[in-house]
Protein chains: 2
Amino acid sequence: MGEFPTVTDVARVAGVSRQTVSNVMNTPGIVKADTRARVEAAISALGYRPHASARRLRTRRSSTIGIRLDPMIDGISGSVLDRFLHALTEQADARGLRVLLFTATSPEDEISQFRRLNDGADVDGFVLTSTTADDPRTEWLLEQGIAFVTFGRPWRSDDFTAPRHPWVDVDGYSGLHAATRAQQDAGATRIAYIGWPSPSGTGDDRRRGWHDAMLERGDVSAEDLACLEVVTADGVDQGAAAMQQLARTAGGIDAVLCASDALALGAMIANPARVPVTGYDNTPIAAAIGLSSVDQPVDEVAAAALELLAGEFEGKSGAPSDPAPPPFRMVTPRLITRQFAAIPRDSVPVNALVSEVSR
Amino acid sequence: MGEFPTVTDVARVAGVSRQTVSNVMNTPGIVKADTRARVEAAISALGYRPHASARRLRTRRSSTIGIRLDPMIDGISGSVLDRFLHALTEQADARGLRVLLFTATSPEDEISQFRRLNDGADVDGFVLTSTTADDPRTEWLLEQGIAFVTFGRPWRSDDFTAPRHPWVDVDGYSGLHAATRAQQDAGATRIAYIGWPSPSGTGDDRRRGWHDAMLERGDVSAEDLACLEVVTADGVDQGAAAMQQLARTAGGIDAVLCASDALALGAMIANPARVPVTGYDNTPIAAAIGLSSVDQPVDEVAAAALELLAGEFEGKSGAPSDPAPPPFRMVTPRLITRQFAAIPRDSVPVNALVSEVSR
DNA sequence: CGGTTTTATTTGATCGATCAAACTTTTTCT
DNA sequence: AGAAAAAGTTTGATCGATCAAATAAAACCG
């Protein structure tokens, strides 16, 4: 009575066999209409729910994807991954997939988690974040033939056109290109960039966006351009220090673009001249302070990741000959322009302080 | 060859029976030492991993807990739940548990997700966040006898001493009491409070902490105390508006305490007098701006939640007579004191801007 | 040493669903 | 109408592990 009904119970009530009940749930098309109606009535009458583990045991499918929850980087930029996780969970839900979390302390540890979750049939595939060049994790997953997608392109040039695994990424190049154009269109010519030391896949990509946009316009010479760039580690303090360095060495500056919101926040703090500052990631802090920022559309990324992952599932279960190369998807970010709303010298009407200009 | 080994394979290699292999994994104590060694050798030789779904089917245990990922509230305060999720996943991992995410658009939707995950044997129990008084979710879970813990106490007085379900919460009262004391010890007497409209379980709790600390010290009369309080919805803009209201109506103020970091950030923006502001939740934004804040120790909360949930598993599987009331745990928050580091009028050495004074 | 208890190991059944193949009924076509 | 094809339904086997009960081996004891 208190126990859960099974297919057999439903079959008995509906006056059919187990398999017909199974067919109603999985391949309704091959069941005669009135039989199906009878079975469906029995299902809802009994409140029947299929036992997920039993199904997984038989089908060797879990309808679950695994994702590592990173150990909280700095809390500011880290929120992008949190937003991505939110989006991924929602999109997964819409596709009937579930998201299983795990943690790991190192790439090796993560690989052993991959093995555990895969061998235990806990997950069908993985979503990887924060990939690096020659990532040991992607190598291992490829060897094992385990389905996965990365949020982050493979950072080796030869992988770009014919990647060895599916990936989704945000086009940081065009994000910064657009941000630069926006400032130029507003009349700025001397636009500085605060970025990360090379080699950094994402960092170099963003820097090139700024760099090319500057060269294309030709407002400043190539030598001047070098003076407008500061390289530093990520962080609020570093951003402030970089801004001070720019003030000393670069002379007049019309605008500053940063590789992250953390840097941008720092730059804004050390910014008595109120030069417009643009960050990257559109974190809550940027919205709160009124900082322009390049927004990564995590919903699109999540949707694309799941789509590619679903394609992987097909491929793995299908014929061994798989001539089509893994697909990839480049997502274009959006520039969120806000009024520069630093904390004012004097009290000012609040509505004017924090306002989003375009979206 | 390419297939996964099963217990039967291990048994064959080790020259024992299936069940002995199972015993080595689940109840190693009852297997003779040398037999166990032989089995363990075979396990690692074959790289055997138990099939999680098969085990779950038989044992009716999933070693997985479900938690709803809320649809991203405002991005500032929401990060507390993200931090909690991080902590929960790590602690769960240490206990051999996994965390399964799901989303829901309403309490009813969430209940149907509960049913789906529970009936499908996907999870053993749930962790609930953002509970309210007479929460329909807790009622339903209690009815069904499904194991769960809430992060958030039951907000009804009669539930407090003998709660109907286990819970963990952070003692917002003492958090604000301590924050008030800290300002008083620094010489402040007129300390304002910006909070949320009543009834709000967490909000009222925090407010009382400030209120009592003020009355205990007796620096201001009860009438004056009312003038020092502003009630508003959560948000940066609202915080700024509240601060301006205080400036108009409350006269001189020595310090401001807020029910959230979002309010505190707003208060700081509309704060030309540089009155010390204290927030709640110790979000990244507070750390970045240099805002004092009450920190919720999410690690402790997560550990306690899992401990109580484990106790629930015991209870459910054991005898039907369960006279002990569900346990609960109140966690004390920490006050993080920072130098007030608003964006300065003029450029100032950066290191002096963002510094954490105590921890 | 024989009998009893304790300890160690094995066998058969089972969890709940789906697959593969057999079987029955209906439809199609000459 | 009768044979062949298609559609609908049922039966037996299976996924991989654990439980319950049966058996075998070892330890205890007067």
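Throughout, a chain's letter reflects where its sequence line sits, starting with A, and its residues are numbered from 1.
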Problem - Residue pair B:Pro163 / B:Pro154: nearest heavy atoms and the distance that separates them - result: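 Smallest interatomic distance, heavy atoms only, reads CB-CG, 4.4 Å.
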Exercise for the section: Could you tell me which non-hydrogen atom of B:Val13 sits nearest to which non-hydrogen atom of B:Ala42, and how far apart they are? Expected result: CG1-CB, 3.8 Å
Problem - Check: B:Asp134 main-chain N/O paired with B:Glu139 side-chain donor or acceptor under 3.5 Å - result: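 Flag not set: sc B:Glu139 to bb B:Asp134 has no pair under 3.5 Å.
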Practice task
Run the salt-bridge test on A:Asp122 and B:Arg49 with the 4.0 Å N-O cut-off and return the result as yes or no.
Solution key: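 Judged by the 4.0 Å cut-off on N to carboxylate O distance, A:Asp122 and B:Arg49 do not form a salt bridge.
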Practice task
Provide the full list of salt bridge (Lys or Arg N to Asp or Glu O under 4.0 Å) pairs with a residue in residues 11-38 of chain A, sequence neighbours left out, each pair given once.
Solution key: A:Asp9-A:Arg12
Note, [X] side chain near [Y] side chain (heavy atom, < 4.5 Å):
{"X": "B:Ile67", "Y": "B:Phe151", "result": "no"}
{"X": "A:Tyr48", "Y": "A:Val7", "result": "yes"}
{"X": "B:Arg68", "Y": "B:Leu128", "result": "no"}
{"X": "B:Val168", "Y": "B:Glu300", "result": "no"}
{"X": "A:Leu85", "Y": "A:Leu101", "result": "yes"}
{"X": "A:Val123", "Y": "A:Ile65", "result": "no"}

Practice task
With a 4.0 angstrom cut-off to heavy atoms of chain B, pull out the first and last contacting nucleotide of DNA chain C, in 5'-to-3' order.
Solution key: C:dA8 to C:dG16
Tell me which residues in [range] put a heavy atom below 4.0 Å from DNA chain C, sorted by number, or none.
{"range": "residues 44-54 of chain A", "result": "A:Tyr48, A:Arg49, A:Pro50, A:His51, A:Ala54"}
{"range": "residues 35-42 of chain B", "result": "B:Thr35"}
{"range": "residues 6-16 of chain A", "result": "A:Thr6, A:Val7"}

Practice task
Check the pair B:Ser62, B:Leu100 against side chain to side chain contact (heavy atoms under 4.5 Å, CB included), reporting the backbone distance first and the verdict last.
Solution key: CA-CA 11 Å; B:Ser62 66; B:Leu100 187 68; over 6 Å; no
Practice task
Using the six-membered ring wherever Trp is involved, compare the ring planes of A:Phe102 and A:Phe126 and label them parallel, tilted or perpendicular (cut-offs 30° and 60°).
Solution key: perpendicular
Practice task
Hey, can you tell me if B:Trp140 and B:Phe114 have their rings parallel, tilted or perpendicular (30° and 60° cut-offs)?
Solution key: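 Parallel: the ring planes of B:Trp140 and B:Phe114 meet at under 30°.
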Handout entry: Side-chain donor-acceptor contact under 3.5 Å, B:Asp109 with B:Thr105
Key = yes
Check every strand shown and say whether [X] touches a base, only sugar-phosphate, or nothing at a heavy-atom separation below 4.0 Å.
{"X": "A:Arg56", "value": "nothing"}
{"X": "A:Thr20", "value": "base"}
{"X": "A:Val21", "value": "nothing"}

Completion exercise
Whichever of A:Asn23 and B:Arg58 has the more 5' nearest nucleotide on DNA chain C, that residue is B:Arg58
List every contact pair, protein side and nucleotides 20-23 of chain D side both N or O, where the distance is under 3.5 Å.
none

